[in-house]
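First up is the structure itself, then whatever we jot down about it.
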Amino acid sequence: MLKMEEYGFSPSMVVPHGSYLMNCGSPNKEILDKSRAMLVNELKRCEMLGLDIFNFHPGSSCGQIPVEESVCLIAESINIALEQTKHVTAVIENMSCQGHTVGGKFNELAGIIERVKDKLRIGICLDTCHMFAAGYDIKSEDGYEKVMNEFDEVVGFKYLKAVHLNDSKGKLGCHRDLHANIGKGEIGVAAFKRLMNDARFDDIPMILETPQEDYSKEIKLLNTLMD
């Protein structure tokens, strides 16, 4: 907390990321139980640290159950975790539709939110690479507006709590989670310029998950894109 105060970060601007091993939509009872216990533990840890939000990947059906059933398990997992904690918001991340992961499509994210009882403690983290890889064309100007309007209609910007800013090594709809540095992938700088000037993203924490170079250069680039 002292470092947060030193650098001027409020608790709402810090976005811890959950373990990739967690699968709150698993058809395997042992994995599901362990994942739920992990989610509860992580939310309690955030509470102890005075943080407001916790970001994690929704989960996977593993190809063994219908996606709808996995969506229900994920929402049930979140409900269990929220009931055992006090104030931390559970933030689910959109996925790239790779394999049997759940949450690559906006309607799947909306389905999870719909089933969460406490709507004040559920949110979304939008990953630009995942969105593009899932088939949402944010590269072109028309495509960007169409995608963002669809997100607002299906999910709602009121649930947006964080953004992962990543370009994509893979092409549109590749269904592969391959991050690239800003402007060095298939999405391109123009799309990030539109996002950086989109008022719907004001006051939302943005995190770089690009291949490690000098993050200060990418942060400077993103800042120069703002009109």
Side-chain angles (χ1 to χ4, degrees), residues 14-49 51-127 129-131 133-136 154-155 159-164 166 168 170 173-179 207 209:
V14 178
V15 190
H17 196 301
S19 168
Y20 295 115
L21 297 176
M22 185 167 21
N23 183 0
C24 290
S26 176
N28 182 296
K29 187 179 186 305
E30 181 180 2
I31 293 175
L32 180 62
D33 289 344
K34 288 181 178 179
S35 297
R36 288 176 170 177
M38 185 184 295
L39 181 58
V40 171
N41 183 59
E42 294 284 26
L43 292 188
K44 287 183 176 180
R45 195 188 304 272
C46 287
E47 287 185 343
M48 292 173 63
L49 292 170
L51 301 177
D52 294 335
I53 60 180
F54 177 73
N55 170 59
F56 65 103
H57 292 182
S60 171
S61 69
C62 300
Q64 298 174 18
I65 56 176
V67 170
E68 186 74 8
E69 187 174 339
S70 192
V71 164
C72 292
L73 289 174
I74 294 165
E76 186 178 84
S77 300
I78 295 171
N79 284 329
I80 290 170
L82 296 186
E83 287 169 2
Q84 296 184 47
T85 53
K86 297 177 181 178
H87 73 270
V88 179
T89 297
V91 177
I92 50 178
E93 185 174 337
N94 67 307
M95 304 306 292
S96 61
C97 289
Q98 183 168 321
H100 300 288
T101 54
V102 177
K105 299 175 182 177
F106 292 160
N107 67 301
E108 293 171 1
L109 298 173
I112 296 170
I113 292 174
E114 181 183 354
R115 292 167 174 81
V116 172
K117 296 175 184 177
D118 189 348
K119 297 293 191 291
L120 297 178
R121 292 180 62 197
I122 182 66
I124 298 294
C125 173
L126 276 181
D127 185 302
C129 172
H130 295 178
M131 196 167 12
Y136 292 99
V154 177
V155 179
Y159 290 110
L160 183 67
K161 302 298 180 183
V163 175
H164 287 168
N166 304 298
S168 174
C174 68
H175 298 172
R176 299 185 68 192
D177 186 358
L178 299 170
H179 295 192
I207 298 95
E209 292 181 322

Inset, instruction - Dump the intermediate steps for side chain to side chain donor-acceptor pair (under 3.5 Å) on Gln98 and His175, then the final yes or no. - result: CA-CA 5 Å; Gln98 183 168 321; His175 298 172; over 6 Å; no

Legend entry - Nearest heavy-atom neighbours spanning Ile65 and Leu73: CD1-CD1, 3.8 Å

Legend entry - Shortest non-hydrogen separation from Cys24 to Ser77 and the atoms involved: O-OG, 3.0 Å

Legend entry - More than 12 heavy atoms from other groups under 6.0 Å of NZ on Lys119: yes

Legend entry - Test item: Val102 and Met95 side chains (from C-beta on) under 4.5 Å apart, heavy atoms: no

Inset, instruction - Could you grab the distance from atom CD of Gln64 to atom OG of Ser70, nearest 0.5 Å is fine? - result: 10.5 Å

Inset, instruction - Quick one: list whatever passes side chain to side chain contact (heavy atoms under 4.5 Å, CB included) with Ser60, sequence neighbours left out. - result: Asn23, Cys62, His100

Inset, instruction - Only counting residues at least two apart or in another chain, list the ones meeting side-chain hydrogen bond (donor to acceptor under 3.5 Å, both in side chains) with Asp177. - result: His130, His179

Legend entry - Those residues that, when tested against Ile112, pass side chain to side chain contact (heavy atoms under 4.5 Å, CB included) (two or more places apart): Pro58, Val71, Ile74, Ala75, Ile78, Ile92, Val116

Inset, instruction - Taking all non-hydrogen atoms of both residues into account, name the closest pair between Lys117 and Glu83 and its distance. - result: NZ-OE2, 3.5 Å

Legend entry - Taking every non-hydrogen atom, the tightest pair across Leu82 and Leu43: CD2-CD1, 4.1 Å

Inset, instruction - Would you mind reporting whether Val155 and Leu160 have side-chain heavy atoms less than 4.5 Å apart? - result: no

Legend entry - SG on Cys125 to CD1 on Ile53, rounded to 0.5 Å: 8.0 Å

Inset, instruction - Measure from the side-chain N and O atoms of Asn94 to the backbone N and O of Gly103, and report whether any donor-acceptor pair falls under 3.5 Å. - result: no

Inset, instruction - Output, in order, the C-alpha distance, side-chain angles, deciding distance and verdict of side chain to side chain contact (heavy atoms under 4.5 Å, CB included) for Phe106 and Met131. - result: CA-CA 9 Å; Phe106 292 160; Met131 196 167 12; 4.0 Å; yes

Inset, instruction - With rounding to the nearest 0.5 Å, note down the distance linking OG in Ser35 to CZ in Phe56. - result: 10.0 Å

Legend entry - N-O pairing of Glu42 and Arg45 below 4.0 Å: yes

Inset, instruction - Show your working on side chain to side chain contact (heavy atoms under 4.5 Å, CB included) between Ile124 and Lys161 and close with a plain yes or no. - result: CA-CA 6 Å; Ile124 298 294; Lys161 302 298 180 183; over 6 Å; no

Legend entry - Residue pairs passing the salt bridge (charged side-chain N to carboxylate O under 4.0 Å, His left out) test where at least one lies in residues 19-39, sequence neighbours excluded: Lys29-Asp33, Glu30-Lys34, Arg36-Glu76

Legend entry - Thr89 side chain near Phe54 side chain, heavy-atom distance below 4.5 Å: no

Inset, instruction - Go through the steps for Asp127 and Val163 under the test side chain to side chain contact (heavy atoms under 4.5 Å, CB included), then give the verdict. - result: CA-CA 6 Å; Asp127 185 302; Val163 175; over 6 Å; no

Inset, instruction - State the CG-SG distance between Leu51 and Cys46, to the nearest 0.5 angstrom. - result: 5.0 Å

Inset, instruction - Take Arg176 and Ser168 through the side chain to side chain donor-acceptor pair (under 3.5 Å) test and state the conclusion after the steps. - result: CA-CA 9 Å; Arg176 299 185 68 192; Ser168 174; over 6 Å; no

Inset, instruction - Determine, using ring centers only, whether Tyr20 and His57 are less than 6.0 Å apart. - result: yes

Legend entry - Inter-residue atom distance Cys129.SG - Leu126.CG, 0.5 Å rounding: 13.0 Å

Inset, instruction - Provide the full list of salt bridge (charged side-chain N to carboxylate O under 4.0 Å, His left out) pairs with a residue in residues 86-107, sequence neighbours left out, each pair given once. - result: none

Legend entry - salt bridge (charged side-chain N to carboxylate O under 4.0 Å, His left out) contacts touching residues 52-70 (sequence neighbours left out): Glu68-Arg115

